[in-house]
Protein chains: 2
Amino acid sequence: MPAPRRVSQEDLVAAIRRIAEAEGIDAVTMSSVAAEVGVRTPSLYKRAAHRHDLLRLAAEDAVRELVDGMAELGAPGRTPAETLTGLARALRAFAATAPRVSALLFAAPSERAAPSRASAEPLLGALLTAVSAAVPGDPLPAARTFTAWVYGFCTMEQAGAFRLGGDVDEAFEYGLDALLSTIGARP
Amino acid sequence: MPAPRRVSQEDLVAAIRRIAEAEGIDAVTMSSVAAEVGVRTPSLYKRAAHRHDLLRLAAEDAVRELVDGMAELGAPGRTPAETLTGLARALRAFAATAPRVSALLFAAPSERAAPSRASAEPLLGALLTAVSAAVPGDPLPAARTFTAWVYGFCTMEQAGAFRLGGDVDEAFEYGLDALLSTIGARP
DNA sequence: ACCTGAACACCGTTCAAGT
DNA sequence: ACCTGAACACCGTTCAAGT
């Protein structure tokens, strides 16, 4: 006697992200998520065999949302500098609205919680394409430098690491300009 | 009838860091740490009122170790570029030996787990001094750019985010050179 | 002053039994 | 095919009682 699935994937992921942002990653438990979607805890194991799978679902959903939100960034008319500026600002804006999950994107607590290579591909692809168009030769070191800076900045900002005063927006634009200059993506 | 303290602060912190690096931050529990130092769980509450206090103890110990290891970096004879190069390489080497705690340094899971301003001061002070000597005017944006890049790079490297092949050492040196150039710390 | 056993509400995970 | 109650070993935290 087949029983219908009672919780959509959309509702499940939304519940995970809601709890993560409202109460922190540690509050994303099998119990809290089950309660949030209205089933008993053991039912959740049909959808996520381990707790860290819940975190991966949230992280992959975040990547998808990020990619959707900047579909037009890679448009043919744009310069590499424009694309990379858009990417960096989009990631920072996303980190501001979803700080907990965005911290998971490049530094998950386990392999199991990390977004799959396939789900991260569109994001990395857009980045590599833009960097390739700017630097001669191997784009990988420049792409890694750029990504490390954006990710580090957004993570630190959301963790409250910039406590010495000063204008954080200004520091971001300073850094963006500096990074674009050194990797040669400057008009 | 006073009872003597049975666990030294050194042993306690060493136990926390041992568990963190061997089994991950999530494995640092009141129970596991208590067992590791040879007391019962409730005794630990005399030393750390909450689990995140254990993480802060580890993070502050890591900062202290980092600062000790580069006491000579700020020596009068050095150029800003030499000091910043030493800082960046020291942080990367430290992240390689203590990846779990170093991930906590600038992005702790809660205020309680974050190293205190006072304990982080020597590290930030050395950085700001070196950057101030290189850039004219406000050193804060440049210092934040540099720190964000180093921290992002080390965190991503240790989390296994650089999976596209290529030489990660080369990417680090490329980035270091790029960052030093843009903030003007170049001979 | 520090340590302990007992207790409480919780958590991840498994599994046999329901529909 | 999915959901559930019951069960297990665990966890953070509190507290009264020991020395």
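Each chain gets a letter, A, B and so on, in the order its sequence line appears, and its residues count up from 1. Source: prediction; values computed, not measured.
Ion pairing between B/D169 and B/R92 holds under the 4.0 Å rule for side-chain N and carboxylate O.
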Toss me the dot-bracket line for DNA chain C: Watson-Crick and G-U wobble, both under 3.5 Å, 5' to 3', using | for pairs to another strand and [ ] for crossers. ||.|||||...|||||.||
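Note: A/F146 and B/W149 fail the aromatic proximity criterion, with ring centroids not under 6.0 Å apart.
Listed nucleotides D/dC2, C/dT4, D/dT4 differ in distance to A/R5; the shortest reach to its side chain belongs to D/dC2.
Counting to the nearest Å, the P atom of C/dC2 and the CG atom of B/L44 are 13 Å from each other. The nearest whole Å value for the distance from the NZ atom in B/K46 to the C1' atom in D/dT19 is 13 Å. Regarding B/R6, its CZ atom lies at a distance of 6 Å from the C1' atom of C/dC3, rounded to whole Å.
Between A/T29 and A/S32, the side chains place a donor N or O and an acceptor N or O closer than 3.5 Å (distance only, hydrogens not considered).
Under a hydrophobic clustering in which Ile, Leu, Val, Met, Phe, Trp and Tyr are joined whenever their side-chain heavy atoms come within less than 4.5 Å, directly or via other members, A/L176 and B/Y151 fall into the same cluster. Residues A/V150 and A/V101 are members of separate hydrophobic clusters, defined by side-chain heavy-atom contacts under 4.5 angstrom among Ile, Leu, Val, Met, Phe, Trp and Tyr. Cluster annotation: A/F162 is connected to B/V63 through the hydrophobic network of ILVMFWY side chains, with a link wherever side-chain heavy atoms come within less than 4.5 Å.
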Can you give one letter per nucleotide of nucleotides 6-18 of chain D, 5' to 3': B if a protein heavy atom sits under 4.0 Å from the base, S if only from the sugar-phosphate, - if neither? B----SSBBB---
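By the 4.5 Å heavy-atom criterion applied to side chains, B/R112 and B/L55 are not counted as neighbours.
In this structure, the side chain of B/Q158 does not engage the main chain of B/R100 through any donor-acceptor pair within 3.5 Å.
Taking 4.0 angstrom as the limit, B/S43 places a side-chain polar atom (N or O) nearer than this to OP1 or OP2 of C/dT4.
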